[in-house]
There are 2 protein chains.
Amino acid sequence: MTELLIQNILNHITLSKKEIDSFCNLFDQKEVQKKHFLLREGQICKFEGFVTKGLFRVYNIDNNGFEQVLYFAQENWWITDIDSFTNETPSQLYIQALEESEVLLISKKDKELAYDNIPKIEKLFRVMTQKTHISLQRRMIDNLSKTADQRYIDFIEKYPNLFQRLTNVQIAAYLGISHEFLSKIRRKIASK
Amino acid sequence: MTELLIQNILNHITLSKKEIDSFCNLFDQKEVQKKHFLLREGQICKFEGFVTKGLFRVYNIDNNGFEQVLYFAQENWWITDIDSFTNETPSQLYIQALEESEVLLISKKDKELAYDNIPKIEKLFRVMTQKTHISLQRRMIDNLSKTADQRYIDFIEKYPNLFQRLTNVQIAAYLGISHEFLSKIRRKIASK
DNA sequence: TTCATTTATTGAACTTGTTCAATGTTTTGA
DNA sequence: TCAAAACATTGAACAAGTTCAATAAATGAA
């Protein structure tokens, strides 16, 4: 199912049929079982992926064994550890399927091939990286300026769909709080 | 002084003399007095800047009037509100000189001109945006997983130079804590 | 120089969020 | 279908970080 991928690309830039085909052919489809990993800490992230089905979490495990979610990726989202992928260094992150999932994967070599052969691909990833950076910038500001209560309310409003599909443990790991405290926030909100 | 800019660009990609010249000519130099602003909340950020002298802070003011620093930019750093610049929407941020400073500014129009006329410029900003995104991703993980003590120690180690030039009020606003609490952290560290 | 402003420190009371342990519920996999 | 595992909630004690007010030191502008 590259139809979703094509739509996603055309959403960012315009490409000819030929260009689209030759780019999309660089991707391999992969099915990932629930709870299975696309990436583990210590591995070098050798792919960039586009989710066509299911849901992933990209997370860190800190020195005390607690997990922090960098982001969730559902259908139509891109997924990678850009740090490890770009610098070819061991990743600090885990990427795990939270549901039965499917991704289209492109290797670093093929991606660089595309940069060289299809000039607009450079623009595509320039624009996409800008957008993800803008999102992260907004999240950074929110994390610095808002209380956990407000971040939780914002999360539900911004990602109503993810809210349905995630457990509170996962949402708490994204908000940067313990799941017990999230439970208390939920009670407080519910009692209003 | 575009020499610093040229070095910065060549650090990311290779360009011919001609390409460098025609790109660098798109920048205008501007001097910014200490405490003066390059951007204020509500304005649309119409520039991307390269700092050749001095030091800036890019910060948010939240609903309670507290300031949070998104990043500092000293010599050899790029500076903009990428959100406002890209989407041409009113900025939520302030950009202020903390010292007598100088920047080279490029407008959105001229930057897009460069994208069209100098193909490698697309790669330049793709690579640069990737790098800033990687930095922010690391900071996000650190903010989610580390205590204020550790973030302060990391800051000193990572930016010894900025540490010298900044007040504790500014550093606290970057770490996301009150300056009083930073003072208590400093005492604790000093007493060891 | 001097006076005002900004910066840094401190303590006490307070708020936000964590930790731990217990309990009940839901989901899942064999 | 049934036992195990994961999930959600709660309370109590605790730790991390804030707020406010007071004081002293450093800086800056006239």
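All values reported here derive from a predicted model rather than from experimental measurement. We name chains A, B, ... by the order of the sequence lines, and we start the count at 1 in each one.
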Return the nearest nucleotide to the side chain of [X]; candidates are [options].
X      : options                : result
B:T147 : D:dG17, C:dT19, C:dG17 : D:dG17
A:F66  : C:dT19, D:dA16, C:dG17 : C:dT19
A:H179 : D:dC20, D:dT9, D:dC7   : D:dT9
A:V169 : C:dT18, D:dC7, C:dT9   : D:dC7
A:A148 : C:dT10, C:dG17, D:dG17 : C:dG17
A:I177 : D:dT19, C:dT18, D:dT18 : C:dT18
B:K35  : C:dT7, C:dT6, C:dA12   : C:dT6
B:K34  : D:dG28, D:dG17, D:dC7  : D:dG28

Rounded to the nearest angstrom, tell me the gap between atom [atom1] in [X] and atom [atom2] in [N].
X      : N      : atom1 : atom2 : value
A:K184 : C:dC20 : NZ    : P     : 13 Å
B:L98  : D:dG28 : CG    : P     : 13 Å
A:L182 : D:dC7  : CG    : C1'   : 12 Å
A:N168 : C:dT26 : CG    : P     : 14 Å
A:Q68  : C:dG17 : CD    : P     : 16 Å
B:R165 : C:dT7  : CZ    : C1'   : 19 Å
A:F163 : D:dA8  : CZ    : C1'   : 13 Å
A:Q150 : C:dT16 : CD    : C1'   : 15 Å

Legend entry - B:R187 side chain near C:dG11 phosphate (N/O to OP1/OP2, under 4.0 Å): yes
Legend entry - Short side-chain N/O contact to C:dT9 OP1/OP2 from B:R186, under 4.0 Å: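 Checking B:R186 against C:dT9: at least one side-chain N or O falls below 4.0 Å of OP1 or OP2.
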Legend entry - Within-4.5 Å side-chain heavy-atom neighbours: B:K146 and B:D154: yes
Legend entry - Of B:F72, B:F163, B:Y152, the residue whose pairing with B:Y174 passes ring-ring contact (aromatic ring centres under 6.0 Å, His included): B:F72
Inset, instruction - Toss me the dot-bracket line for DNA chain C: Watson-Crick and G-U wobble, both under 3.5 Å, 5' to 3', using | for pairs to another strand and [ ] for crossers. - result: ||||||||||||||||||||||||||||||
Inset, instruction - Name the nucleic acid region contacted by A:T167, choosing base, sugar-phosphate or nothing; use a 4.0 angstrom heavy-atom cut-off, strictly under. - result: sugar-phosphate
If we count only N and O atoms by modelled type, under 3.5 Å, do the side chains of [X] and [Y] hold a donor and an acceptor together?
X      : Y      : result
B:S183 : B:E180 : no
B:N76  : B:Q7   : no
A:N8   : A:W77  : no
A:N60  : A:Q92  : yes

Legend entry - 5' priority, DNA chain D, between A:E180 and B:I185 [closest heavy atom]: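 Upstream on the strand: A:E180.
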Inset, instruction - On the 0 to 90° scale, with breaks at 30° and 60°, tag the B:Y159-B:F155 ring pair as parallel, tilted or perpendicular. - result: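 Because their plane-to-plane angle lies in the 30° to 60° range, the rings of B:Y159 and B:F155 count as tilted.
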Inset, instruction - Could you point out which residue of B:D83, B:T132, B:D81 forms a side-chain hydrogen bond (donor to acceptor under 3.5 Å, both in side chains) with A:Q137? - result: B:D81
